[in-house]
There are 4 protein chains.
Amino acid sequence: MTIRVTIWNEFVHERKHANVAEIYPQGIHAAITEGIGRIEPDFSIRTATLEEPEHGLTEEVLQETDVLLWWSHARNHLVQDEVVERVCSRIYDGMGFIALHSALNSKPFRKLMGTTCQIKWREADDKERIWVIDPSHPIAEGIGSYIDIGYEEMYGEHFDIPIPDELIFVSWFTGGEVFRSGVTYRRGRGKIFYFRPGHQEVPTYHHPDVLKVLANAVRWAAPRHGAMPRYGNSAPIDFV
Amino acid sequence: MTIRVTIWNEFVHERKHANVAEIYPQGIHAAITEGIGRIEPDFSIRTATLEEPEHGLTEEVLQETDVLLWWSHARNHLVQDEVVERVCSRIYDGMGFIALHSALNSKPFRKLMGTTCQIKWREADDKERIWVIDPSHPIAEGIGSYIDIGYEEMYGEHFDIPIPDELIFVSWFTGGEVFRSGVTYRRGRGKIFYFRPGHQEVPTYHHPDVLKVLANAVRWAAPRHGAMPRYGNSAPIDFV
Amino acid sequence: MTIRVTIWNEFVHERKHANVAEIYPQGIHAAITEGIGRIEPDFSIRTATLEEPEHGLTEEVLQETDVLLWWSHARNHLVQDEVVERVCSRIYDGMGFIALHSALNSKPFRKLMGTTCQIKWREADDKERIWVIDPSHPIAEGIGSYIDIGYEEMYGEHFDIPIPDELIFVSWFTGGEVFRSGVTYRRGRGKIFYFRPGHQEVPTYHHPDVLKVLANAVRWAAPRHGAMPRYGNSAPIDFV
Amino acid sequence: MTIRVTIWNEFVHERKHANVAEIYPQGIHAAITEGIGRIEPDFSIRTATLEEPEHGLTEEVLQETDVLLWWSHARNHLVQDEVVERVCSRIYDGMGFIALHSALNSKPFRKLMGTTCQIKWREADDKERIWVIDPSHPIAEGIGSYIDIGYEEMYGEHFDIPIPDELIFVSWFTGGEVFRSGVTYRRGRGKIFYFRPGHQEVPTYHHPDVLKVLANAVRWAAPRHGAMPRYGNSAPIDFV
């Protein structure tokens with residue numbers, strides 16, 4: 001069955017900074033679209049950005065989305081609360097949600113976590129190596145023992161998130177830090193995956209293993225057709 | 001070390017309904033104060049209620065609180081958002097939080113969970129038996145294999161919460177339902193315990209085992225003196 | 001990709017007791033083969049039983065097995081330790097393992113758990129209702145809010161297992177007990193699912209929802225093609 | 001209440017190698033005894049070693065032990081199976097168990113885990129920094145954001161253990177690896193903590209923070225006085 005993917009990007013850095021535009025001329029969302037589409041040609045992918053009406057995330061778009069990817073950084077505070085509610089509501093209803101890099105500060109991710117999502121960070125000359133902690137997890141399928149990202153922004157523990165349901169990746173940084181860089185959660189009927197790397201000034205979203213992880217994650221996060229739980233006042237149910 | 005406990009109660013049903021007042025003449029908060037104080041005389045317990053200024057939860061009170069218990073039902077929507085922020089902020093900073101029964105719909109609990117916290121429920125003639133799932137947990141200390149509550153309001157699965165960090169109790173109801181009735185979470189440096197029983201029309205907070213669980217939970221949720229994580233921009237740290 | 005399934009059954013009760021033979025004339029393994037094969041025609045299913053040489057679980061059979069289902073009860077102690085080692089070794093290498101009902105006392109399951117796997121139990125006139133605790137889990141796909149099994153042997157908490165990686169189902173029994181009846185674990189690269197119902201004297205393995213759960217579980221437990229971790233003495237790895 | 005601690009050490013390296021003897025002249029067990037005894041003077045500590053009759057772990061000693069620490073490396077295979085059974089049985093009954101460093105290959109730890117417990121490792125010139133992942137955990141109490149161990153043997157992921165119940169520490173190594181270096185499990189009524197550092201050729205057990213972690217872990221792992229679950233054939237229980 002075709003999985004319908006929407007890749008959301010605030011799309012600010014790429015248009016303001018020449019060094020970012022050089023790496024992602026059409027935007028991070030375009031690079032991910034192209035990259036995971038190559039791996040999984042049957043994904044049906046669309047994109048949406050901050051400056052579109054309703055940020056491109058109308059009720060109709062969300063209803064037609066199985067998995068939403070989200071990259072944001074500089075404009076997290078400009079995302080309308082109404083859209084945040086709509087996104088979370090659709091996640092509770094089963095839509096998958098993949099938060100990328102600095103999207104740990106996005107409104108939907110913080111609302112879903114219920115914590116501050118704070119971190120240590122550093123823009124310097126760190127290299128990142130991502131170790132596979134759970135080699136049996138479908139999100140790690142096709143990945144070796146580790147992924148060498150090379151230069152990346154550093155994010156370090158403590159990462160103020162709830163204890164993850166699953167810990168799939170842990171990052172090592174040259175400067176001496178570690179980070180839980182691939183974690184999953186369930187909220188309502190929706191599956192959530194956070195993946196750390198993706199600083200706008202390095203070509204992380206052109207890295208084959210990063211794209212493979214994202215493609216795996218989309219497949220993992222796609223909704224299952226379980227019964228919708230019924231809530232509220234309930235009479236006892238007789239055995240048939 | 002003395003643990004400083006604040007027991008918060010919306011204190012509405014007890015003043016409006018004679019049948020509730022008969023069970024809890026001074027309010028649910030008074031019954032819990034008396035009950036856990038008898039078990040742990042070194043707890044320093046105060047109470048607070050909805051109608052007090054700032055609901056009795058000023059910054060000063062929260063700073064002097066190690067563990068906050070919270071009972072609410074009919075007036076969840078009247079709790080001021082500013083107080084909710086203050087409570088959650090203090091939890092992130094280490095204060096323990098114990099949500100009781102219908103407080104699953106309280107603003108602080110829902111904010112901490114990031115889910116709808118919906119349930120099935122029924123006010124009828126169900127009896128409840130609470131089974132100990134984790135006999136090694138400090139919150140189950142001194143409890144037998146199960147607690148027979150007797151008549152109680154039914155709450156049934158699916159309970160729309162994040163996957164608990166720890167599952168300590170599961171309830172069985174006469175009418176055919178089960179419920180994860182004792183669960184823990186960590187948010188920031190704070191520990192959270194949700195405990196299901198406690199309908200206002202039955203004498204649950206006079207039950208010795210229920211009070212024992214609450215006293216255990218207070219002790220478990222009291223803050224630890226770990227280091228405050230430092231967040232934000234960080235230079236590499238040299239080995240000494 | 002075709003999933004290769006082996007269904008192992010001690011196949012004792014069905015040949016000794018007329019009431020069991022009436023329900024499962026060809027054995028429990030045959031009923032499951034027929035039942036899940038109807039749901040998933042692309043599964044490639046074979047069976048094996050206790051009395052075959054090496055219990056039908058030669059190295060070759062295991063190498064050609066993606067997921068092994070295991071039903072046992074009366075003859076757990078007669079399973080050869082060498083075969084147990086072989087089965088566990090293959091699980092560590094990625095083979096899925098589904099332990100059914102009384103197989104909680106089987107040698108492989110107990111070795112994988114590292115606990116006693118003890119339970120409460122009762123053969124009486126209990127009915128069982130299995131509630132879905134995790135409606136987003138692929139093993140619950142296509143199942144409603146609960147499964148009514150009807151008459152079954154009772155298994156009650158405390159169930160002496162490690163804390164499950166995932167809790168998917170909880171059972172309610174007429175007599176007043178609850179049980180964690182659908183739980184998952186990972187051991188090495190292998191995924192494990194334990195599913196409670198399946199007493200030999202009731203037609204549980206003819207129940208459509210039970211068969212659906214087992215078919216889902218096979219699909220979930222099938223090996224992923226992650227990298228084989230390399231262990232042992234390791235030189236530092238340069239960034240490329 | 002006094003916690004009764006037994007520190008078990010195979011005590012081989014310290015007597016064979018001058019460089020080890022220089023660091024631990026009376027053995028690793030003596031260093032830990034002295035170190036945690038200074039932090040928690042009310043612990044009642046005894047030691048036991050491989051060469052004693054029954055390795056010093058008679059039924060009587062175990063019955064009088066609340067928490068057992070275990071260091072072993074070169075002689076794991078010489079530990080008698082009967083003693084291993086006795087140790088595990090006492091853990092199931094509530095005794096805490098703290099496995100140190102290379103004790104991941106000890107017979108009791110592997111039996112409790114049900115996995116191979118394999119790792120990557122390297123004896124070279126790595127330094128280790130241990131990051132606190134769960135600052136609210138009692139085992140991390142009094143520890144800062146991280147512990148700098150300095151030179152240590154490297155252990156790297158993948159670490160072939162079951163998914164931990166709690167992940168408290170993650171190690172960073174100079175050479176590019178990470179490791180889940182502080183993890184907890186429950187088996188039966190017993191609590192288990194594994195703590196990574198502790199190579200015999202470096203003075204790790206003289207490090208104040210390492211000793212603080214061990215003292216915290218002893219307190220955390222001490223048995224709780226929950227009800228002993230009753231297993232086996234059980235009649236329905238009437239509500240009182």
Side-chain angles (χ1 to χ4, degrees), chain C residues 88-89 91-93 97 104-105 107-126 153-166 173-177 184-192 226-239, chain D residues 85 88-89 91-93 97 104-105 108-126 153-166 173-177 184-192 226-239:
Chain C
C88 289
S89 174
I91 292 168
Y92 299 149
D93 193 40
F97 183 71
L104 50 78
N105 272 321
K107 287 182 181 178
F109 189 70
R110 289 181 60 173
K111 180 177 164 66
L112 294 163
M113 295 296 103
T115 59
T116 70
C117 301
Q118 285 178 287
I119 53 164
K120 279 205 195 62
W121 58 273
R122 180 171 60 238
E123 286 188 59
D125 55 354
D126 285 282
E153 183 180 10
M154 186 282 292
Y155 282 6
E157 296 281 347
H158 181 250
F159 183 12
D160 185 25
I161 45 173
I163 296 172
D165 295 349
E166 298 170 303
F173 290 94
T174 326
E177 288 87 2
T184 77
Y185 296 93
R186 298 183 184 202
R187 291 291 182 267
R189 300 164 80 217
K191 297 196 192 71
I192 298 166
M228 174 67 63
R230 278 163 301 167
Y231 299 109
N233 200 339
S234 302
I237 313 155
D238 286 333
F239 279 89
Chain D
E85 291 301 314
C88 289
S89 173
I91 292 168
Y92 298 149
D93 192 40
F97 183 70
L104 52 75
N105 271 322
F109 189 70
R110 290 181 59 174
K111 180 177 164 65
L112 294 163
M113 295 297 101
T115 60
T116 70
C117 301
Q118 285 177 287
I119 53 165
K120 278 204 197 64
W121 58 273
R122 181 172 59 240
E123 286 187 60
D125 55 354
D126 285 282
E153 184 180 10
M154 186 283 291
Y155 283 8
E157 295 282 347
H158 182 251
F159 182 13
D160 185 25
I161 45 173
I163 296 173
D165 295 349
E166 298 170 303
F173 290 94
T174 327
E177 288 87 1
T184 76
Y185 296 93
R186 300 182 182 203
R187 292 290 181 269
R189 301 164 79 219
K191 299 196 191 70
I192 298 166
M228 175 67 65
R230 276 162 302 169
Y231 299 109
N233 200 339
S234 304
I237 313 155
D238 286 333
F239 279 87

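Convention: sequence-line order gives letters A, B, ...; per-chain numbering from 1.
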Note to self: At a 4.5 Å cut-off on heavy atoms, which part of D165(C) comes close to chain D: side chain, backbone, both, or neither?
What the structure shows: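 Contact with chain D involves the side chain of D165(C) alone.
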Check: Which region of I119(C), side chain (C-beta onward) or backbone (N, CA, C, O), has a non-hydrogen atom less than 4.5 Å from a non-hydrogen atom of chain D, or is it both or neither?
Finding: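 Only the backbone of I119(C) comes within 4.5 Å of chain D.
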Item checked: Flag for T116(C)-D160(C): side-chain donor and acceptor within less than 3.5 Å ->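 Checked: D160(C)/T116(C) side chains pair up, N/O donor to acceptor below 3.5 Å.
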Next item on the list: Flag the one option from G232(C), G176(C), G156(C) with the top tally of heavy-atom pairs under 4.5 Å to chain D.
Entry: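 Greatest number of close heavy-atom pairs with chain D: G232(C).
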Notebook entry, point to check: What are the two closest non-hydrogen atoms of E166(D) and T184(D), and how far apart are they?
Noted result: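 It is OE1-OG1, 2.7 Å.
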Notebook entry, point to check: Counting heavy-atom pairs under 4.5 Å to chain C, which of I237(D), D238(D), T174(D), I163(D) comes out on top?
Noted result: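 Max contact count across the listed options: I163(D).
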Next item on the list: Count the heavy-atom pairs under 4.5 Å between each of A235(D), G190(D), G114(D) and chain C, then report the option with the highest count.
Entry: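 Ranked by contacts with chain C, first place is G114(D).
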Next item on the list: Report the relative orientation of the aromatic rings in Y231(C) and H158(D); use parallel for angles under 30°, tilted for 30 to 60°, perpendicular for over 60°.
Entry: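 Because their plane-to-plane angle lies in the 30° to 60° range, the rings of Y231(C) and H158(D) count as tilted.
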Next item on the list: Check salt bridge (Lys or Arg N to Asp or Glu O under 4.0 Å) between K120(C) and all other residues, then give those that pass, not counting sequence neighbours.
Entry: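 Testing K120(C) for salt bridge (Lys or Arg N to Asp or Glu O under 4.0 Å), a comparison that skips the adjacent residues, returns none.
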Check: With no hydrogens and no angle check, is any side-chain donor or acceptor of R189(D) less than 3.5 Å from a backbone partner on D93(D)?
Finding: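 At least one qualifying donor-acceptor pair exists.
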